[in-house]
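Input: a single structure, listed below in structure tokens.
Computed from a prediction, not measured in an experiment: that's the story for all the values here. First the proteins, then the strands, lettered A, B, ... as listed; each starts at 1.
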Amino acid sequence: MIPENIDFFENAACGLLICGTDGAIVRVNKTFYKWLGYSESEFTTKSNIDTLFTLGSRFYFHAQLTPLLQLEGAVSEFLLSLKGKNGERVPMLVNAAQQIDGHITYNSFAFFLARERHSYEQQLVTARESAENSSRELLETQKTLKENQYFLGLAMKSAKMGVWNYDLVSSRIHFSEELLVLMGLSKDCSYHKPQNFYELIHPDDLSQFDDAINTAIEKNSDYEVEFRLKHSSGSWLSMESRGNVIFNSERICTNILSIFIDISEHKNSQKELADANKQLAEADRKKDEFLATLGHELRNPLAPIRNVLKLIEHDSECRQNLNDYYSMLNRHMTQIEHIVDDLLEVTRISRGRLELKRTMVDICEVTRMAIESSSALIEAGNHTLDVTFPSSTVMIYGDPTRLNQIIVNLLSNAAKYTPKGGHIRLSVQSIGTSIEIRVKDSGIGIPPEKLRAIFNMFTQLEPASERGQGGLGIGLALVKQLVEMHEGHVEVYSPGINEGTEFTVTVPIAPSSEPIEQPASEEEGQSISPKRILIVDDNEDAADSLGLLLEFDGHIIKVAYSGKKAIEVTETFRPSVILSDIGLPDISGYEVAKILRRQEVSKGIYMAAISGWGSQKDKQRALEAGFDQHFTKPLNLPELKSALRKIPL
Amino acid sequence: MNLVDRHNIKVIGERGPVIVLGHGFGCDQTMWKHVAPILANNYRVVLYDLMGCGKSDISMYSYSKYNSLNSYAMDLLEVIDEINSNAPVVFVGHSVSANIGLLASIESPNKFHSQVMVSPSPCFINNGDYNGGFTRADIEELCEAVESNFLKWSTSMAPIIMGAPEKPKLSAELGESFCRTEPEIAHHFARVTFFADHRADLPKCKIPTLILQCTDDFIAPTSVGDYLKQKLPKATLVKIKNVGHCPHMSAPQACLGAIDDFLKEYEFKHPAIL
């Protein structure tokens, strides 16, 4: 029951105030003036609502609340500050309504203390701000996630990747959008069924695809497998699958998760690369062939020149000036021969056709011969040469010709790259189980950045003087290859430009148990029994000049410029020795040998092939054709003479 | 963006010369509801909302641009151009709009026949001999009151409290009311309005000006009306017996009468009638 006589207006739960439109207070309730700290008697002095507000609120009351009240007839929830009895600020929420009673208009106001409300609002505002911030952060996170997804998708797309997920529980295969694009499939395709998907795998690759997954399940490991996968267009994609297997808590495999990578382009480019490599190798082979041919072609005209030189040497005893010409020609000739020999050797090495004729050799002896061969060049440069040998003989198991070539090359190099009047030091030293051959010069040196490339083919420095021969840039490459064929190594050291250079060749010393086979020393002047020799070569000058040289030794010479001619001449000339070129214009040297060997007339004839090709295979072929021996061009005259001496009469 | 939408321009009255009405702080064109229909009997009456107020397009609002009343004056000139009057107009501005009209008429006097300033104040803050009625601290307190009343939640909080941010219609209804202003804009506009000082502009105004001064206006005391009368070259001061700052709402008839007398005196007629 509601108590009777309760003064609802006076004791309402809010402050109530009625005033005229001019603000003159007509009535106010107890709650209101109590809130402001006044007693009833005190409050009657406050006659206008204006005076209740703080100045700012009063301004606002006029600027905003009053016009709105007039406009709308009512306003609500205005927060205004009122002044308490002691001057304190009392924030209140104000609701107002305009009431027209006949001709008089009243404004009635309801006030609520806003301290609690105020703090409640502040809390709400704070809560809202925090909610807004969270929502903003969430949006940001979502945005970032979306971006990352986009980038991942982009990356997958660019890398031609897609995700493949075989759900073993539902027996369905899920494809990421990227994978669908790669396969040319749409989302609603029928390949989510495993049996349908497996039909897309190339039949030849199916078992290895299965094996990879089965092994991964068995061993709980990652797997990688390459296979061909059919694109919706019917073409085959080369795919790589990198995946792993997922087990549930009962250790049953539930998913096979894999990244598929379309490696078709990679495969294609691999093939292209292989093709390109093949072409390059072919081009390289052709280049080697060309260089070999070039060498041969150069060698051919050189042979007669060399032979003629020897003839001039014989005649030079009578004519002094001829001697000078001779030595000049000889020096240059040696140089050209040297270059051509190197060229031939290098091409033989690069084509795998060089074989070492290894024997036990005294390295000091080889070195001495090399010094002799290089002396012309060293003298021409006015260089001094210091030579140090070990106190005892050091034998190595090697090819004397190649070893000679190594040292000659190093000495020529030193002479060439040392300014006139320089100093060259050659030392041979045995260190442990190796022999060390050092060639040190006071020459132009090598800049550090070029040191690494110095053993590369066709690498050259500017020679020390104009006189220096340019060469082909193959000398050191040849040295390196020859040294390595001897199980050794070569090193270069130069402190820098104009600081000289030192090459060190290290090759193993032969084990002492190895029997030392001393080559039978043969004196040049030893008497030779004259023989009837038929020389077969389509290079007429070469044939003629070799003939002339051999005539000096008392042999009787005939020459034939073709294979058929050779067979013909053999009938009449009855040679005891036939020296035949292999590459003849009509029938090859092998043919000549075969034909002659079938005839009675060839019985007892010593036949030697002289060929630019010197591999074991070439030699074998020569022997099979019927030759007794095979000489490799350039023909080593002392070697030939020695062979001739060994032929029994 | 068309200017009509940008400023929520409304034209009432079918004939006669043009009167443009500019509202004051904290409200919009609806505050002219007692005055405009009566003026429309003889004039074409143009109503518009200041940028950032009422139903103006707040996407065009910029804090840097609307940092002084000059931009509002430029808007007024655009509104006058938009209504395509081939004769000068009369501008009636309440409170802050009186200052906006002052600036616009100095910028383009040819566009104005005359102006009516309702409860104007060129400067609210006392300065030397000048009695604007308030100290700087008072105005700061006012701005605080504005800020606390435009509590952020009044418009934008509502949908979140209602848990209905996905129902824009509901939140629009909650937020929509007369004279609603975006809280941040209201606060900014209060500072621009109440800290303004345009006393130095008054002598530059060359058009006839009617000052409507309330006899008891807390915001614009009578001393301010006297000051204006003294400083404006062609000013008429009429005191309206009224308590408050909005005589056009609480004493519309008195205002209309004074305006009528003023326009008669300055022969404001439609060019066709001349």
Side-chain angles (χ1 to χ4, degrees), chain A residues 19-24 48-83 89 91-94 98 105 107 114-115 117-132 134-135, chain B residues 23-28 30-34 94-96 119 124 133-135 137-154 156-161 165 177-181 186 190 193-194 214 216-220 241-246 248-252:
Chain A
C19 66
T21 50
D22 59 355
N48 196 293
I49 189 167
D50 261 10
T51 58
L52 298 175
F53 299 113
T54 62
L55 202 118
S57 284
R58 184 176 173 188
F59 195 133
Y60 190 64
F61 177 77
H62 284 284
Q64 180 96 65
L65 191 146
T66 313
L68 270 183
L69 183 60
Q70 285 174 333
L71 203 59
E72 298 187 58
V75 294
S76 58
E77 306 285 283
F78 268 76
L79 180 69
L80 295 174
S81 289
L82 282 79
K83 289 184 289 191
R89 254 169 79 124
M92 290 195 190
L93 276 174
V94 184
Q98 205 157 57
T105 304
N107 288 334
R115 277 198 191 91
R117 173 66 177 267
H118 197 61
S119 75
Y120 172 61
E121 272 180 1
Q122 283 305 337
Q123 279 177 17
L124 274 180
V125 168
T126 311
R128 171 176 178 252
E129 271 168 5
S130 114
E132 270 180 355
S134 305
S135 128
Chain B
H23 67 81
F25 172 82
C27 208
D28 59 26
T30 52
M31 75 183 337
W32 296 108
K33 69 177 187 178
H34 301 308
H94 172 234
S95 196
V96 65
S119 307
F124 293 96
F134 303 92
T135 63
D138 297 337
I139 300 299
E140 284 291 356
E141 204 198 319
L142 162 69
C143 291
E144 258 175 56
V146 171
E147 196 175 8
S148 56
N149 273 287
F150 281 103
L151 255 182
K152 291 164 196 162
W153 75 313
S154 58
S156 45
M157 190 74 180
I160 285 178
I161 289 177
S177 171
F178 289 116
C179 304
R180 282 296 180 199
T181 309
T193 301
F194 298 115
C214 294
D216 185 357
D217 182 357
F218 176 70
I219 292 172
K241 192 171 161 24
N242 179 59
V243 178
H245 188 54
C246 302
H248 52 306
M249 295 173 83
S250 45

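The greatest number of non-hydrogen atom pairs below 4.5 Å with chain A, out of H245(B), E144(B), M249(B), is found for M249(B).
For the atom pair L55(A) CG and T135(B) OG1, the distance stands at 7.0 Å (nearest 0.5 Å). Taken to the nearest 0.5 Å, the OG atom of S119(B) stands 11.5 Å off from the NE2 atom of H62(A). Rounded to the nearest 0.5 Å, atoms CD (Q64(A)) and CG (L142(B)) are 10.0 Å apart.
For the pair S250(B)/T21(A), no side-chain contact is recorded, criterion being any heavy-atom separation below 4.5 Å from C-beta on. Taking 4.5 Å as the limit, some side-chain heavy atom of L71(A) sits within range of a side-chain heavy atom of K33(B). Between E141(B) and Y60(A) there is no side-chain heavy-atom pair separated by less than 4.5 Å.
Residue P67(A) comes nearest to C246(B) through the heavy atom pair CG-SG, 3.4 Å, listed as atom of the first residue, atom of the second, then distance.
Neither the backbone nor the side chain of T105(A) comes within less than 4.5 Å of any heavy atom in chain B.
Classification of the F194(B)-F59(A) ring pair by plane angle, with boundaries at 30° and 60°, yields perpendicular.
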